[in-house]
Amino acid sequence: MEKWKQILTESEIPCFGVCSYAAIPKLIPCRAQNRLPAGSQSVIMCGFPYYTGEYPGRNVSRYAISDDYHNIAGQILKEICSQLKDCYPQHVFVYFTDASPIPEVQAARLAGLGIVGINGQLITKEFGSYLFLGEIVTTMALPVTKAESGGCLGCMQCVNSCPGNALSREGFIKEQCFSYITQKKGKLTVGEELGIKKGGLVWGCDICTDCCPMNRNIANTPIQRFYQNLVPTVKKEQLEQLVQQKAYGYKGPAILLRNINLLEDEEKQ
């Protein structure tokens, strides 16, 4: 086994693949684009499964139960890049998590990690679509992984189950997505407040993911860092501490407090 592949295989990442940098159809304009190495040849796409089980009374999206995945995935990718640089000092290795110029779902499909659902999520065989994506862009030319053929089942359950009618075969209306509404700053419309109450979560929405038949009987994450400090039910008295640790922290406590109050009002009625 080649050394680069051995490093990745022995890491905490359970699934990875390679696509050619030249195969990326279009980069996403963002500040992070300045970090792309000159002469990039390959993109190593990495999947970070986050499913840790079921939690009665959960009021945040599944991905937000663990500590901030940006920190967890970022630390793992940083460690891998360090090892790769030690082995291949003539090449450059730059990692990205979420804030990336790489269209991650499309690149992950090209790298053979899985197929893409109607809801735009990558779906893998072992972990379904309960995973984060991160990548390493390198000047090293690596063998490309074969992409999976086909697509999702096309059952339309994600479209039909979306409470905000945000999904269709034609695309995605962000402003109607309950996950987007829970994260929205400022004054909400009456309809948006009703949406949060209907969704039942103070952060995010898992409906289009949970209803997908390709997410049945999936494996729990093997990444042990995702099991530390699990908080499936967020309460007011925890907010100041949790915004320092969780993925929703970048929005501050005010938005979550607003959403908690909305759900409490709903329970009183």
Side-chain angles (χ1 to χ4, degrees), residues 6-17 44-83 95-100 104-105 108 113-114 117 121-136 179 182-183 199-212 214-253 256 259-260:
Q6 182 181 342
I7 290 171
L8 282 150
T9 301
E10 293 176 354
S11 74
E12 296 178 70
I13 302 172
C15 50
F16 64 89
I44 306 171
M45 292 303 306
C46 303
F48 298 85
Y50 60 81
Y51 183 79
T52 58
E54 295 299 311
Y55 303 91
R58 174 174 64 87
N59 69 354
V60 293
S61 186
R62 297 183 193 281
Y63 80 84
I65 295 173
S66 304
D67 281 347
D68 192 343
Y69 68 92
H70 297 91
N71 297 333
I72 295 173
Q75 186 59 41
I76 293 172
L77 290 173
K78 181 179 179 181
E79 293 164 4
I80 291 172
C81 283
S82 177
Q83 293 180 64
Y95 70 90
F96 298 88
T97 54
D98 194 26
S100 170
E104 293 182 318
V105 172
L113 267 65
Q121 296 177 357
L122 185 83
I123 306 173
T124 65
K125 289 179 180 177
E126 186 175 4
F127 303 104
S129 53
Y130 296 105
L131 80 166
F132 307 119
L133 295 172
E135 62 274 356
I136 297 171
S179 180
T182 64
Q183 302 176 45
L201 298 182
V202 300
W203 184 267
C205 179
D206 292 332
I207 292 174
C208 72
T209 307
D210 287 347
C211 73
C212 177
M214 299 182 78
N215 277 331
R216 307 278 160 75
N217 302 315
I218 60 163
N220 283 26
T221 178
I223 301 175
Q224 292 305 305
R225 302 187 206 196
F226 282 122
Y227 292 95
Q228 300 170 9
N229 193 29
L230 297 173
V231 183
T233 307
V234 176
K235 299 177 181 178
K236 291 179 181 178
E237 58 268 23
Q238 301 169 296
L239 285 178
E240 291 296 336
Q241 177 185 354
L242 291 178
V243 293
Q244 307 298 321
Q245 303 166 323
K246 305 298 182 182
Y248 44 75
Y250 79 103
K251 288 282 189 174
L256 283 107
N259 297 343
I260 290 173

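Quick caveat: nothing in here was measured; it's all calculated off a predicted structure. Position 1 is the first residue of the sequence; numbering continues from there.
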No-hydrogen, no-angle side-chain donor-acceptor test under 3.5 Å, Asp206 and Ser61: yes
Would you say the side chain of Pro232 lies within less than 4.5 Å of the side chain of Thr52, judging by non-hydrogen atoms? no
Pairwise distance CD1(Ile218) to NZ(Lys125) - rounded to 0.5 angstrom: 16.0 Å
Taking it one step at a time, do Tyr227 and Thr221 satisfy side chain to side chain contact (heavy atoms under 4.5 Å, CB included)? CA-CA 9 Å; Tyr227 292 95; Thr221 178; 3.6 Å; yes
Trace of the side chain to side chain contact (heavy atoms under 4.5 Å, CB included) decision for Phe48 with Arg225: CA-CA 11 Å; Phe48 298 85; Arg225 302 187 206 196; over 6 Å; no
Side chain proximity check, Asp210 to Arg62, heavy atoms < 4.5 angstrom: yes
A quick test of your reading: do over 12 heavy atoms of other residues, nucleotides or ligands sit less than 6.0 Å from NZ of Lys235? no
Close side-chain approach of Tyr55 to Leu230, heavy-atom, < 4.5 Å: yes
Under 30°, 30 to 60°, or over 60°: which ring-plane class applies to Tyr50 and Tyr130, parallel, tilted or perpendicular? perpendicular
Nearest-0.5 Å distance, OH of residue Tyr51 to CD1 of residue Ile223: 16.0 Å
Criterion side chain to side chain contact (heavy atoms under 4.5 Å, CB included) on Ser100 and Glu135, from CA distance to verdict: CA-CA 9 Å; Ser100 170; Glu135 62 274 356; 2.4 Å; yes
Spatial distance of atom NZ (Lys246) from atom CH2 (Trp203) [nearest 0.5 Å]: 13.5 Å
Closest heavy-atom pair and its distance - Asn59, Thr233: OD1-CA, 3.3 Å
In Å and rounded to the nearest 0.5 Å, what is the CD to CD distance from Gln244 to Glu240? 7.5 Å
Scanning both residues in full, the closest heavy-atom pair of Asn215 with Phe127 reads OD1-O, 4.4 Å
Please walk me through it: do Tyr248 and Thr182 pass side chain to side chain contact (heavy atoms under 4.5 Å, CB included)? CA-CA 10 Å; Tyr248 44 75; Thr182 64; over 6 Å; no
Mind listing the closest non-hydrogen atom pair of Gln245 and Asn229 along with its distance? OE1-ND2, 3.2 Å
Looking only at heavy atoms, which two atoms of Ser129 and Thr209 are closest? And how far apart? OG-CG2, 3.4 Å
Would you give the length of the straight line joining atom CG of Leu256 to atom CG of Leu242, rounded to the nearest 0.5 angstrom? 9.0 Å
Is the backbone N or O of Gln183 less than 3.5 Å from a side-chain atom of Lys251, with the two atoms forming a donor-acceptor pair by type? yes
Side-chain touch Phe132/Asp98, heavy atoms, less than 4.5 angstrom: no
Taking the side chain as C-beta and beyond, is there a heavy-atom pair between Leu77 and Ile13 under 4.5 Å? yes
Would you say that Pro49 contacts Pro14 through its side chain, given a criterion of any heavy-atom pair below 4.5 Å between the two side chains? yes
Looking only at non-hydrogen atoms, find the nearest pair between Leu113 and Gly47 and report the distance. CD2-N, 3.8 Å
Does either side chain, that of Gln83 or that of Glu79, offer a donor lying less than 3.5 Å from an acceptor on the other one? no
Roughly how far, to the nearest 0.5 Å, is CD of Glu12 from CD of Gln224? 8.0 Å
Heavy atoms, side chains only, cut-off 4.5 Å: are Cys208 and Gln121 in contact? yes
Arg58 side chain reached by Leu201 side chain, heavy atoms, under 4.5 Å: yes
